[in-house]
Amino acid sequence: MSKIGYLGPKGTFTKLAVDTAFNGEEKQSFETIPECIDAVYENQIDIGVVPIENAIEGTVQLTVDYLVHQVRLPITAEIVVPIQQHFLVHGNFTGQLDEIQEVYSHSHAIAQCQQYLHKFIPNATIHFSSSTGKAAEIVSKANKPIAAIGNKLAAKEYDLNIYKENIHDYPNNHTRFVVLSKDKNIININHPVKMEKTTLLITLPSDYAGALHQVISAFAWRKMNLSKIESRPTKTGLGNYFFIIDVNQSLDDVLFPSVKAELEALGCSVTLLGSYPVFQMHL
Ligand SMILES: O=C(O)C(=O)Cc1ccccc1
């Protein structure tokens, strides 16, 4: 039986993702994304699950940067989960919304509910917490009118009332979670595979006109479909970037080696971050 770590504490969306995708396994919560990734690296756990991208707010930069710059672990699966954000208050709170002085949540959850916060409690102070579960924990222990943004599991785990359901600004809210493990054979997710994907990290040669165009062309003329391309600073100086590219197919012996050779001939470096199945969850 594998030991699975996740961004906790109890009641996070990551925990919901883990509970839906894996059953029966031993689970351990971590307060931060780097702690969870480190634990896989140091073999304290076999599998780590952390958020990587939200449909409304975009990439979870901490996850990408930690995986690229600090601890390289293969992505061995992706779990996509629908996200519903609720406004959670302490059970003792019976007052009006405008009495709420502070709102706690993960920065992505706050960003997903920007319009609701702006419209209904524009004067509340926003506090960012390491996760939505942590925010719910803080509210459960507080003795003043504060609120958290989180899911139904958090309301249940911390005995909070759902003051208002579905406060996220856009209806089609989903988050992608990456499954990280040294051994891809231990991943046992009994759900239909939606698609196969490969994630590459590409660094361009500096000062080379049209380099990005040529990189994209290498995939285009091979009819390799890209579902994401994102630039991030290399952290070596202003204006230096690497690209993370998601290709909608699994690693093979023909197309990927030839793309790699073509890009390397241009002076690019190409690193594989993972080739993995994508599972779409329905909660
Ligand atoms: O904080 C959580 O519950 C997480 O798992 C991270 C997150 C935050 C907001 C939306 C999706 C995932």
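Indexing begins at 1, ligand by ligand and atom by atom, following the structure's order. These values consider heavy atoms only, across backbone and side chains, with no hydrogens, waters or symmetry-generated copies.
Residue Thr12 touches ligand 1 through backbone and side chain together, judged by heavy-atom distances below 4.0 Å. When heavy-atom distances to ligand 1 are checked against a 4.0 Å cut-off, Ser131 comes that close through both its backbone and its side chain. Using a 4.0 Å cut-off between heavy atoms, Gln112 contacts ligand 1 through its side chain alone, with no backbone atom that close.
For the residue pair Ser181 and Asp46, no side-chain donor N or O sits within less than 3.5 Å of a side-chain acceptor on the partner. At a cut-off of 3.5 Å, with distance as the only test, a side-chain donor of Thr59 or Lys228 sits close to an acceptor on the other residue. Between Tyr276 and Ser250, the side chains place no donor N or O within less than 3.5 Å of an acceptor N or O (distance only, hydrogens not considered). Defined by atom type and a distance below 3.5 Å, a donor-acceptor pair is missing between the side-chain atoms of Asn173 and Gln84.
With hydrogens left out, the protein atom closest to atom 8 (C) of ligand 1 is His106 ND1, 3.7 Å, a heavy atom. Of the protein's non-hydrogen atoms, the one nearest atom 11 (C) of ligand 1 is Thr175 OG1, 3.4 Å. Scanning all protein heavy atoms for the shortest distance to atom 5 (O) of ligand 1 gives Thr14 OG1, 2.5 Å. Atom 12 (C) of ligand 1 has as its closest protein heavy atom Phe13 CB, 3.8 Å.
In terms of N/O distances under 3.5 Å, ligand 1 is approached by Thr132. Checked against a 3.5 angstrom limit, the closest N/O atoms of Phe177 and ligand 1 fall outside it.
Residue Asn54 places no heavy atom under 4.0 Å from ligand 1.
For OH of Tyr116, the number of neighbouring non-hydrogen atoms (other residues, nucleotides, ligands) closer than 6.0 Å is greater than 12. Residue Asn43 qualifies as enclosed at atom CG: its count of foreign heavy atoms under 6.0 Å is above 12. In the displayed structure, Glu42 atom CD is contacted under 6.0 Å by more than 12 heavy atoms of other residues, nucleotides or ligands.
Numbered from 1 in the order shown, with element, the atoms of ligand 1 that lie under 4.0 Å from a heavy atom of Pro51 read 6 (C).
Taking hydrophobic clusters as Ile, Leu, Val, Met, Phe, Trp and Tyr residues chained together by side-chain heavy-atom distances below 4.5 Å, Phe128 does not share a cluster with Leu88.
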